[in-house]
Each structure stands twice: as C-alpha cells, then as structure tokens.
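In what follows, a single structure is set out as structure tokens and then discussed.
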Amino acid sequence: MNAIKLDISKSGIAVPAEMQRKAEEANALLHSKKGAGNDFLGWVNLPSSIDAAQIEAIRTQAAKLREKAEVIVCIGIGGSYLGAKAVLEAMSDSFKLLHKKQTEPVVLFAGQNISEDYTAELLDALKEYSIAAIVISKSGTTTEPAIAFRIIKAEIEKRYGKQEAAERIVAVTDQARGALKTLSTNEGYPTFVIPDDVGGRFSVLTPVGLLPLAAAGVDIAELVRGAQDMERATADGVPFAENPSAVYAAVRNMLYEQGKKIEILASYEPKLQYVGEWWKQLYGESEGKQSKGIFPASVTLTADLHSMGQYIQEGERQLFETVISVAAPARKVVVEADKENLDGLNFLAGKRISQINRMAELGVQLAHVDGGVPNLRVEIPAIDEYAIGALIYFFEKACGISGYLLGVNPFDQPGVEAYKKNMFALLDKPGYEEASKAIKARL
Ligand code: PA5
C-alpha cells in the first residue's frame, strides 16, 4: 500500500519525457552512490536496514528512562532535534499537558536555542518532576546542545549523584569521534550511534529520532514500517510516474525554473506544524547553496489564512504551494444545530469539523491557483506513525532527487559554519584571537 498520494493536477506542470528521465537518473544516482555527497547516502536504504533487534534495543533503553523519569529532556539542535520534535508533535494529543493524569513521560526539548529565559524556565519546570536526559549530537561539538547538556547534566548529578546519572542520561552520537563520545565513555552513559553516512537532517529514522520517540511512547516500529514501504515505492527502477518522490522533485524544479522561487508547505492540521519545520531544514539546508535553491516556507491553515493568506493570494507571484492533506481525522466532532441561530451557522449543522476543514482546503486550493499559486497536494490517509514514517521517507527521497536535478550537492551544509566562526570570535574562544580582534572592530 502506498501511504502517499501525490496530486499535481493543479500545479500547471506536465513533466516532459526528458525531465522524467533526469529524475529517474537522479534517483538511480542516489542508489548507485556515484553522485555528489555520496558519503552521506546511508539514509537511502536505512529503513530496510532497521531490524527487529535494533528496534528492541531502542525500546529497551527507552523503557528504562520511562521507568525512572516523569520528564525526559531531549537535547539537540537542527537535524538532532527537528525530526523527533516533528513526529512527537504529530503523534501527541494537542492538549496533553492539561491532562491531569499523565500516562506517558513528557519529552521536552532543550539545546535548540541559547535563550537564558528558556533555560531558566525549563529548570524551574523540572523541579517538581523526576528527570532523565537524552543528549544528541552527531559531531558532539555543537555549542547550543553542549551548553544545555552541561546544565542538565549538572542538575541530574546534583539530584541523583554521578552513578545514578549514568542510568538517567543516554547519548546519541558518533561511533568514535567528538567531545560527547569521549564524555559518554568517561561517564559510562549508554550510547547509541549515529551512522557516519547519515547526515543530521536525514537522521530521524536513526536513534536520533527513534530513541526520544520511543521514550515518549510513539510506536517506532510502525514509523519505520511506513518508511520501509515508501523506500520500496521509490526504489531505483520504479518508473517515474509511479514514484511520487521523483514526480514531486521534478515538478518543484520545473516550477523553480519558471520563477517560482518560494515553496510554501501548508497543512490544515496544527499537529503537523513541526513537520513543516523539519521539512524546511531538509530542503533549505540541502538545496540553498551556490546562490540557488527554492526558499522553503511553511504555514498552518486555516490560521495563517488570516495572516499570510493575503500575501499568498495577491503578493509577489513567486510562490507555489505544497499541501499536506490528511484524508481522515482520528476523532469526531459534529456541529450542532442551534435554535436561535444567531451566528447564522445552522447551515453547518450536522457536519463534521473535518468536512468543513476539507471544504476550506479545496476552496483555498482553487483560490490560490486562480491567484497564480500552483498547487501540489501530498495526501496521507491519517496522522499515524505509519503515514508519518512514509511521509518522512517520501520527502527525504524527493529531496535527494531534487538536489541532484538542481545541480547541487544536497548532502553538505558549508554555509552553516559562517555564524559559528563569528560567534566563537565574539566569545573569545581560544584559537580565535585574530578573528576576535577583527570582528570586534566591525561592531
Ligand atoms: O543537518 C545538519 O547536519 C545540522 O542541522 C545538524 O544536525 C545540527 O547542526 C546539529 O549537529 P550535531 O548533531 O553535530 O550536534
């Protein structure tokens, strides 16, 4: 079964044979590992390489944390944060924190910013609860999570002592390199490995995403199963028209060539907001280089129709829109008739909220198309682990193909170093003395 239905009928694009061939070749290049960035293609066959023993090892470790802690702080940034956050938000009750009886440990995130207020508020919030931590960094040297970990580690050690801290802290990092690896070895933390050949933004299906998700009670086997099925559906040799990742990659590149420089990922389910954040990193970091690449933006509708809607409808015509559409909600709420009908809404009586949402979606789609915003629709049957796993792999595969079609290496990110150099120079990091003088003179 293919969990993803891609509809390009409102994109205004018919993909010519030449482009179809190029997309098939780009897909083949990902599988033959002969293209740019071929050191980082471990994600291509990652889902099918995950076996029951790996899932079990992650679940076992997650169960230990779940037993010990009411709150698990997951520390990481970028690719070591956004995947887990996106899936967790998608799979969570929107108001779970208001439920008096918490049935699952709460997984919170830290290290994805350097905000002092966020850090202080987090420490305050943790006071009343038993805690554990998962610290995630492939390089093991990223400043933001390293700062957060230093603080959370100290808090855990202060409360439980060093020995017990080694039962409450789990690291996910490189097999051999980096400060986090050294620290974990020295402190005796259980450790999961991020494969060398899987880059951060493609790592959600490694322990980077799977461990915190299992700790939060997400069914990671189903997540992986969805990705495995999508791996098969987009495999090398699948004809262009049957490969939704290839079609999506081709269409967005053709739109880009026609001047559509901004892609807006839209969804009508607020739970998918962070899927948008994850997707922005995936595409922005993979394609935004050599002075080219589609700018990835995201909106949550219908909320953002009351803010960004005006621009999308009538602003500069350099946009196209990709909608993640959910075929069926998990819950049922019906609008009731009202005797007085003062709000005039009785025409909706008896209708489910999802029917109204669907009509909003269809109405917006046609309005945007009429306004010159080509529309693609990625439909998933429901928001569940299986469909989200499929969606993740669908976008990853499309991203690899799309980057090759664009003519960039989608698996590096040289641009993210620039800010770090400046920040270290401004903070007088040893080794940055000359840069420090130079940058301070520019302030
Ligand atoms: O995609 C990437 O490579 C980045 O977003 C990284 O995931 C991010 O910088 C965090 O890196 P690390 O896991 O090494 O701490």
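Ligands are counted one by one from 1 in listed order, and the atoms in each one are counted from 1 as well. The residues of the chain are indexed from 1 along the displayed sequence. Atom set for the values below is all heavy atoms of this structure, side chains included, hydrogens, waters and symmetry mates excluded. Fair warning: this is a prediction, and the values are worked out from it, not measured in the lab.
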Just jot down the ligand 1 atoms closer than 4.0 angstrom to any heavy atom of S137, in number order. 12 (P), 13 (O), 14 (O), 15 (O)

Check ligand 1 against S139 and write out every atom of the ligand that is under 4.0 Å from a heavy-atom position of the residue. 12 (P), 14 (O), 15 (O)

Going by atom types alone, do D229 and Y393 pair a side-chain donor with an acceptor below 3.5 Å? no

Might you work through the side chain to side chain donor-acceptor pair (under 3.5 Å) test for E167 and Y160, ending with a clear yes or no? CA-CA 10 Å; E167 304 282 322; Y160 306 105; over 6 Å; no

Is atom CD of Q175 surrounded by more than 12 heavy atoms (other residues, nucleotides or ligands) closer than 6.0 Å? no

Near Q281, which atoms of ligand 1 are under 4.0 Å from a heavy atom of that residue? 1 (O), 2 (C), 4 (C), 5 (O)

Where is the nearest protein heavy atom to atom 10 (C) of ligand 1: which residue, which atom, and how far? I77 O, 3.2 Å

Distance under 4.0 Å to a non-hydrogen atom of K138: what atoms of ligand 1 satisfy this? 12 (P), 13 (O), 14 (O), 15 (O)

Please confirm whether G79 comes within less than 3.5 Å of ligand 1 when only nitrogen or oxygen atoms on both sides are compared. yes

Mind telling me whether F395 and Y248 have parallel, tilted or perpendicular rings, with 30° and 60° as the class edges? perpendicular

T142 neighbourhood, listing ligand 1 atoms whose heavy-atom distance to it stays under 4.0 Å: 11 (O), 12 (P), 14 (O), 15 (O)

Which pairs would a plain distance check flag for residues 140-150, meaning a side-chain donor or acceptor within less than 3.5 Å of a matching protein atom at least two apart in sequence or in another chain?
from, atom 1, to, atom 2, distance (Å)
T141, OG1, S139, OG, 3.3
T142, OG1, S139, OG, 3.1
E144, OE2, Y419, OH, 2.7

Heavy atom of the protein closest to atom 1 (O) of ligand 1 (residue, atom name, distance): E285 OE1, 2.7 Å

Would the number of heavy atoms belonging to other residues, nucleotides or ligands and lying under 6.0 Å from CD of E67 be above 12? no

Please say whether more than 12 non-hydrogen atoms of neighbouring residues, nucleotides or ligands are located less than 6.0 Å from CZ in R177. no

Pull out every atom of ligand 1 sitting under 4.0 Å from any heavy atom of S80, numbered as shown with elements. 7 (O), 12 (P), 13 (O)

